[in-house]
There are 2 protein chains.
Amino acid sequence: MEIGRNEDASEDRDCSDLEHLEAKSPMPLLDQEICKRTAAIFRAMGDASRLQLLALLAKREMCVTELTGRLSDNLPAISQRLKLLRAERLVSTRRQGKHIYYSLADNHIASLIENGLAHGSETDCTLCPPT
Amino acid sequence: MEIGRNEDASEDRDCSDLEHLEAKSPMPLLDQEICKRTAAIFRAMGDASRLQLLALLAKREMCVTELTGRLSDNLPAISQRLKLLRAERLVSTRRQGKHIYYSLADNHIASLIENGLAHGSETDCTLCPPT
DNA sequence: CCAACAATCAATCATTTGATTGACTGATTG
DNA sequence: CAATCAGTCAATCAAATGATTGATTGTTGG
């Protein structure tokens, strides 16, 4: 998707003279639904516990038991989070015997997560004092 | 950041024979803080109204009044959302006269948003019936 | 078919979140 | 310096979220 910067550069004008008050339709509105859907994806990723799950699944497919073993949390909790991630279609499942294996839904999701973690780790966090 | 897939491919083995129960430390834990910070960023983007703001700011710097004009919402509401985005350092501000201009904090954020919207628009949403 | 294990579901409850309103600060203009 | 405009702050309140517990489904192995 192309966002397109500087569609109408309005450099130094004083915007109090109501130029932009009557300007432009209230919104492209076209993107309304896209924003909703995209926000839902981001919201699903916007929780440390869930993101940790996603980060693990970015490495490879894992079953719930293994995920539970790696994170220090009980199985129902993990399962619940996975359920949410599946509802937003960030992950998909496959059953094999007693186990249900989870993996990231597609590469796009994977790169979203990688990019996010990249930014999150680069950001020197002045707000959060060193633990 | 490199995540590294298939670090130990465990194809067809039955994971009930407790191979992975004793396996691996509970978590890399190194990434704990990174996950927290990253999740906070995603959470901030994980709201349709805020994402719309970010999408607008991805085009160019805008002041609160202009943003308010483009979205159909009152100024305090917009301001509140911007405040949150600023607290997470997704946007930064600069004052010019009466106006305060907002812009995306850096290019990394911009690409995160673009990628997200790209994925959000590509996804055919089987869950959400056509409005 | 029964016992044991993997995972999900359903319901409850505390916490977090976000919208809203009115008061407040900061800058400009006459 | 008073009036006005831009924007933020603070407090309240309803709605959404997430953790937790116990019951339930699905699968395998004896």
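Atom set for the values below is all heavy atoms of this structure, side chains included, hydrogens, waters and symmetry mates excluded. Sequence lines set the chain letters: A, B, ... in the order given, protein chains first and strands last, and positions in each chain run from 1.
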Trainee: Strictly below 4.0 Å, N to O, side chains only: are B/E61 and B/R94 in salt-bridge contact?
Mentor: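 Yes, charged N to carboxylate O under 4.0 Å.
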Trainee: Using a strict cut-off of less than 4.0 Å between a Lys/Arg side-chain nitrogen and an Asp/Glu carboxylate oxygen, indicate whether B/E66 and B/R60 qualify as a salt bridge.
Mentor: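 The answer is yes: the pair qualifies as a salt bridge.
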Trainee: Between A/R37 and B/E122, is the closest basic N to carboxylate O distance under 4.0 Å?
Mentor: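 Here B/E122 does not pair with A/R37 in a salt bridge, since their nearest N and O are not under 4.0 Å apart.
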Trainee: Can you measure A/L82 atom CG to C/dT8 atom P for me and round it to whole angstrom units?
Mentor: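 Interatomic distance, CG of A/L82 to P of C/dT8: 7 Å.
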Trainee: So what does B/I100 hit on the nucleic acid, given a heavy-atom distance under 4.0 Å: a base, only sugar-phosphate, or nothing?
Mentor: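 Since only primed, P, OP1 and OP2 atoms lie under 4.0 Å of B/I100, the category is sugar-phosphate.
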Trainee: Please give, in whole Å, the distance from D/dT8 P to B/R86 CZ?
Mentor: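 So the CZ-P distance, B/R86 to D/dT8, works out to 7 Å.
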Trainee: Once rounded to the nearest 0.5 Å, what's the spacing between atom CG of B/L84 and atom OG of B/S49?
Mentor: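 These two atoms lie 11.5 Å from each other.
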Trainee: To the nearest Å, give me how far apart NE2 (B/H99) and C1' (D/dT8) are.
Mentor: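 Answer to the nearest Å: 15 Å.
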Trainee: Output one letter per nucleotide in nucleotides 14-23 of chain C: B when a protein non-hydrogen atom lies under 4.0 Å from the base, S when only the sugar-phosphate is that close, - when neither is.
Mentor: ---SSBBB--
Trainee: Looking at B/D47 and B/R81, is there a salt bridge between them, counting it only when a charged N and a carboxylate O are closer than 4.0 Å?
Mentor: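 So B/R81 does not pair with B/D47 through a salt bridge.
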Trainee: Measure the distance from CG on B/L75 to P on D/dC5 and round it to the nearest whole Å.
Mentor: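 Roughly 14 Å, once rounded to whole Å.
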Trainee: Between C/dT8 and A/Y102, is there an OP1 or OP2 to side-chain N/O distance shorter than 4.0 Å?
Mentor: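 True: A/Y102 side-chain N/O within range (under 4.0 Å) of C/dT8 OP1/OP2.
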Trainee: Go nucleotide by nucleotide along DNA chain D from the 5' end; which of B/K83 and B/R95 gets its closest nucleotide reached first?
Mentor: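 Result: B/R95.
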Trainee: Which of parallel (below 30°), tilted (30 to 60°) and perpendicular (above 60°) describes B/F42 and A/F42?
Mentor: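 Geometry flag for A/F42 against B/F42: parallel rings.
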Trainee: Without decimals, in angstroms, what is the distance between B/K98 NZ and C/dA27 P?
Mentor: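 Spelled out: NZ on B/K98 to P on C/dA27 is 13 Å.
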